[in-house]
Colleague: 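Mind looking over this structure? Questions follow.
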Number of protein chains: 2
Amino acid sequence: MRCTTLPDMAPRKKRQILDATLELLAEKGYEGLTIEGVAARSEVNKTTIYRWWPSKAALLGSALVEADALDFEAPDTGSLAGDLRSLVDGVAQLLTIPPASDIAVAALGAAVHDPALADAAKGFFADRFARELPIFERARERGEIDASADPMMIVDLLAGAVWLRVVFRQMPLDQDFTDRAVALVLHGARATG
Amino acid sequence: MRCTTLPDMAPRKKRQILDATLELLAEKGYEGLTIEGVAARSEVNKTTIYRWWPSKAALLGSALVEADALDFEAPDTGSLAGDLRSLVDGVAQLLTIPPASDIAVAALGAAVHDPALADAAKGFFADRFARELPIFERARERGEIDASADPMMIVDLLAGAVWLRVVFRQMPLDQDFTDRAVALVLHGARATG
């Protein structure tokens with residue numbers, strides 16, 4: 001990480017820069033996002049931004065993980081089924097409710113073309129998964145799943161189905177979908193884990 | 001469909017146009033795809049293309065469903081598990097092996113931003129799903145799933161997990177993943193269908 005070789009940036013300034021990055025991404029798409037634009041919006045010198053992030057992909061990578069707009073706290077409802085329903089609803093909201101949906105969909109769509117941004121998206125998913133893992137640790141402690149269950153598989157089946165249905169099929173995602181998807185995956189995970 | 005108001009285009013000419021559309025998409029991305037470029041590559045007059053397809057999104061919509069590069073035949077292995085494993089492997093190949101992967105990933109990435117292209121992607125998924133349905137009809141006849149099982153849910157869980165893992169996480173998709181994902185979803189569908 002380039003940041004570790006520099007003294008810490010003032011948290012408020014860093015937050016301004018990352019928030020401005022996501023605002024501009026939501027407004028203009030990845031093509032229209034520039035370091036110059038972020039500098040102007042956040043009232044920070046362009047060279048300061050470049051000192052911390054060598055490219056707009058690196059800047060967006062930090063913003064996706066650290067900015068408030070995509071902030072994520074893993075649910076803790078007391079049951080694995082409840083936590084997974086909350087996760088599924090969270091993914092659906094992330095992909096459908098502005099401004100987060102503009103950010104997430106623009107970033108993930110652009111990540112498909114751009115190798116540097118693809119690394120940023122990879123970092124975003126790794127960060128999310130690390131925050132989701134306690135859900136599965138608690139479920140194991142409660143005896144809801146075996147040690148052999150595969151948390152990443154469970155998360156990817158559910159989040160992937162939401163992505164496909166909402167973004168590509170453009171179909172609504174009602175509570176019934178969430179309940180049925182979670183019940184199916186949870187039964188399957190218990191039978192095969 | 002605009003096409004129904006016109007006499008049929010010669011199949012060979014239509015194929016040339018649709019193949020050229022996907023070639024140019026794979027080479028230049030959606031931004032770089034133009035009707036002019038397709039006309040030059042397919043050696044067809046630009047006005048002929050516009051007579052059939054009012055926009056590049058409409059042209060790409062036809063190409064995604066009809067062109068050879070993304071041709072799809074539903075598997076018929078004799079068991080639902082076998083058919084689903086084949087489907088999962090097919091999605092993985094579509095997303096990872098050129099030239100199909102260049103086409104699919106460019107089209108799906110661009111569909112996220114572009115409402116007209118999003119309709120084309122929606123048409124692509126609807127067409128695929130219609131072709132996948134016989135897999136589930138045969139499975140019901142063999143007694144492998146109930147009438148209440150939800151084929152779109154099963155397909156979206158599996159295909160979505162592949163998309164997330166391959167495109168966003170950039171992780172490999174080995175045979176073990178396919179086997180485990182299909183076993184989990186199939187057990188879950190039987191328990192909850």
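We name chains A, B, ... by the order of the sequence lines, and we start the count at 1 in each one.
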Colleague: Relative to chain B, which of A:R165, A:M152, A:M171, A:E31 shows the most heavy atom pairs under 4.5 Å?
Modeller: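 The candidate making the most pairs under 4.5 Å is A:M152.
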Colleague: Is B:V162 reachable from B:I97 through a run of I, L, V, M, F, W or Y residues, each pair having side-chain heavy atoms under 4.5 Å apart?
Modeller: no
Colleague: Among B:G29, B:G188, B:A126, which has the most heavy-atom pairs under 4.5 Å with chain A?
Modeller: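 Top option by heavy-atom pairs under 4.5 Å: B:G188.
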Colleague: Return the orientation label for the A:F168 and B:W163 ring planes: parallel under 30°, perpendicular over 60°, tilted otherwise.
Modeller: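 Aromatic pair A:F168/B:W163 classed perpendicular.
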Colleague: Using a heavy-atom distance cut-off of less than 4.5 Å, which residues of residues 174-182 of chain A contact chain B?
Modeller: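 Hits under 4.5 Å: A:F177, A:R180, A:A181.
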Colleague: Heavy-atom cut-off 4.5 Å, strictly under: side chain, backbone, both or neither for B:L108 against chain A?
Modeller: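 It is both, since atoms from each part get that close.
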Colleague: Does any heavy atom of chain B fall under 4.5 Å from the side chain of A:D119, the backbone, both, or neither of them?
Modeller: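 Interface part for A:D119: both.
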Colleague: Between the main-chain N or O of A:A118 and the side-chain N or O of B:Q170, is there a donor-acceptor pair closer than 3.5 Å?
Modeller: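 Such a contact is found between B:Q170 side chain and A:A118 backbone.
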Colleague: Take atom CD in A:E137; do more than 12 heavy atoms of anything else shown fall under 6.0 Å from it?
Modeller: yes
Colleague: Is the number of heavy atoms from other residues, nucleotides or ligands within 6.0 Å of CZ (A:R15) greater than 12?
Modeller: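 No, not enclosed.
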Colleague: Which value, rounded to the nearest 0.5 Å, describes the distance between B:L157 atom CG and A:I154 atom CD1?
Modeller: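 Answer rounded to 0.5 Å: 12.0 Å.
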Colleague: Any idea which heavy atoms bring B:L184 and A:V185 closest together, and the distance?
Modeller: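 Nearest heavy atoms, B:L184 then A:V185: CD2-O, 3.6 Å.
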Colleague: Tell me the closest heavy-atom pair linking A:L164 and B:A159, and the distance in Å.
Modeller: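 For A:L164 versus B:A159, the nearest heavy atoms are CD2-CB, 4.0 Å.
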Colleague: Between CG of B:L158 and CG of A:D156, what distance do you get to the nearest 0.5 Å?
Modeller: 12.0 Å
Colleague: So what's closer than 4.5 Å to chain B heavy atoms on A:V105: side chain, backbone, both or neither?
Modeller: both
Colleague: Between A:M153, A:K122, A:R169, A:H187, which has the largest tally of heavy atom pairs under 4.5 Å with chain B?
Modeller: A:R169
